[in-house]
Amino acid sequence: MTHRTPAFIRLGAIILAAAFITGCASQRPVGSSAPVEDRGSMAGRNVPTQPAPATVANSTPATAAKLPPGQENSGKPGYYAVRPGDTLIRIGLEAGQSWRDIARWNGMDNPNIIEVGQVLRIIPPGTAAVAAAPLPATSPAPAGDGVVARPVSSPTPVAAGSVPPPGTRTASVTPIVTPTTTPVAAAPLPPSSSPSDEDIGWIWPVTGGAGNVVATFDEVKNKGVGIGGKTGDAILAAGDGRVVYAGAGLRGYGNLVILKHNNTYLTAYAHNQTLLVKEDQTVRKGQKIAEMGNSDADRTKLHFEIRRQGKPVDPLRFLPAR
């Protein structure tokens, strides 16, 4: 016969077993297992991060911007600060000097390269800058017809030469015009010990003189006079001098000749068809230096300037009345 355990005994055994298991669980040894990380609970905490490297003020000295040459002479008499659009030819005309002399005085290896803001010496070394002396008294100027010369916006193409005129870093270089005829041999200049720089003895640069004036002087709009004529008419040196420029590198002037007569006066002869002289050549008063044309002009004419220490003056105050 099968022996059965009473029901109350089986119930007591189950209760004792449950109590034993509960007690073991509540007494787990410290460090017996790693704690479980609640990743959701990290949200909102200020978790430390790797700090960015500290920035040290002026840890590396700032590199100063490179200044254009000649800044130590800025503002001094006898020096000129280059402006946008300048070339050595224009600076020489405004200063009453040869552009070659300016390049030499400033030790320039390449006269085609000048910088805006560069300060250039425009008087000979060892020479003090002086204020212009008063203009000499002259007879009243003959009246013109009031027509103002109008420069053309772009130069007329001319024959290319081998030597470019000086320009700026960003400006295009226009070739110097090579004379199309053999220059006439010129006599040497008279001694420099002239009684006065004012004693030029000016003559008209075009036969016909005042009767052919088509544009009168205006210091702002027209820095000389326009003298009309026919293509090929002779252009004459208004006084003894030396050619300091012959070419087409100055916008608005076409084929241009500039003569330096002494330390005070320059003359400019613009819009020529043909140039008959070359730079550094000496010429005599009345010598044919060019032929009339309309290069970079609205008509056939000579644009004639007299510059006194670089400042344009009315040629009709200097040329003989006719």
So L316 and F217, side chain to side chain contact (heavy atoms under 4.5 Å, CB included) or not? Walk me through it.
CA-CA 8 Å; L316 299 182; F217 175 81; over 6 Å; no
Side chain to side chain contact (heavy atoms under 4.5 Å, CB included) between I114 and I91, worked out
CA-CA 11 Å; I114 56 176; I91 293 171; 4.3 Å; yes
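Side-chain contact check for T267 and Y269: at least one donor-acceptor pair (N or O, by modelled atom type) lies under 3.5 Å.
Annotation: side chain of L88 is in contact with side chain of L120 (closest heavy-atom distance under 4.5 Å). Contact annotation: the side chain of V243 never approaches that of I289 to less than 4.5 Å [non-hydrogen atoms, C-beta and beyond]. Between H271 and R299, every side-chain heavy-atom pair lies at or beyond the 4.5 Å cut-off. With a 4.5 Å cut-off on side-chain heavy atoms, D280 and R100 count as touching. Between R121 and K76, every side-chain heavy-atom pair lies at or beyond the 4.5 Å cut-off. Taking 4.5 Å as the limit, some side-chain heavy atom of P69 sits within range of a side-chain heavy atom of E115. Counting heavy atoms from C-beta on, the side chains of W202 and I306 come closer than 4.5 Å. Looking at heavy atoms from C-beta onward, D233 lies out of side-chain contact with L302 at the 4.5 angstrom threshold.
The minimum heavy-atom distance between T300 and G229, with the atom names listed, is CG2-O, 3.7 Å. Residue M292 comes nearest to I235 through the heavy atom pair N-CG1, 3.7 Å, listed as atom of the first residue, atom of the second, then distance. Closest heavy-atom contact between T216 and V213: CG2-CG1, 4.3 Å. In this structure, G247 and L275 approach most closely via the heavy-atom pair N-CD1, 3.5 Å. Closest non-hydrogen pair, G96 versus L266, comes out as CA-CD1, 3.3 Å. Across every non-hydrogen atom of E198 and R308, the tightest pair is OE2-NH2, 2.7 Å.
A donor-acceptor contact shorter than 3.5 Å is absent between the side chain of N222 and the backbone of D218. Of the possible polar contacts, one joining the K285 side chain to the G201 backbone as a donor-acceptor pair under 3.5 Å is found. The closest donor-acceptor contact from the side chain of H261 to the backbone of D240 lies under 3.5 Å. Without hydrogens or angle criteria, S295 side chain to N255 main chain gives a donor-acceptor distance under 3.5 Å. In this structure, the side chain of W204 engages the main chain of P320 through a donor-acceptor pair within 3.5 Å. The backbone N or O of L93 lies less than 3.5 Å from no partner atom in the side chain of R90, so there is not a single donor-acceptor pair.
Listed by chain and residue number, nothing satisfies the side chain to side chain donor-acceptor pair (under 3.5 Å) test with N263 (two or more places apart in sequence, or in another chain).
In the hydrophobic cluster analysis, where Ile, Leu, Val, Met, Phe, Trp and Tyr join through side-chain heavy atoms closer than 4.5 angstrom, F318 is grouped together with V206. Under the 4.5 Å side-chain heavy-atom criterion for Ile, Leu, Val, Met, Phe, Trp and Tyr, L236 and Y265 are members of distinct hydrophobic clusters. By the rule that hydrophobic residues join a cluster once side-chain heavy atoms approach within less than 4.5 Å of another member, W99 and M108 end up as members of one cluster.
A distance of 13.5 Å separates OH of Y245 from CG of L259, quoted to the nearest 0.5 Å. How far CD of Q97 is from CD of Q309: 9.5 Å, rounded to the nearest 0.5 Å. Rounded to the nearest 0.5 angstrom, I102 CD1 and I89 CD1 are separated by 11.0 Å.
Exactly one residue among N73, V119, D86 makes a side chain to side chain contact (heavy atoms under 4.5 Å, CB included) with Y80. That residue is D86.
Taking the six-membered ring for Trp and thresholds of 30 and 60 degrees, Y253 and H303 have ring planes more than 60 degrees apart, a perpendicular arrangement.
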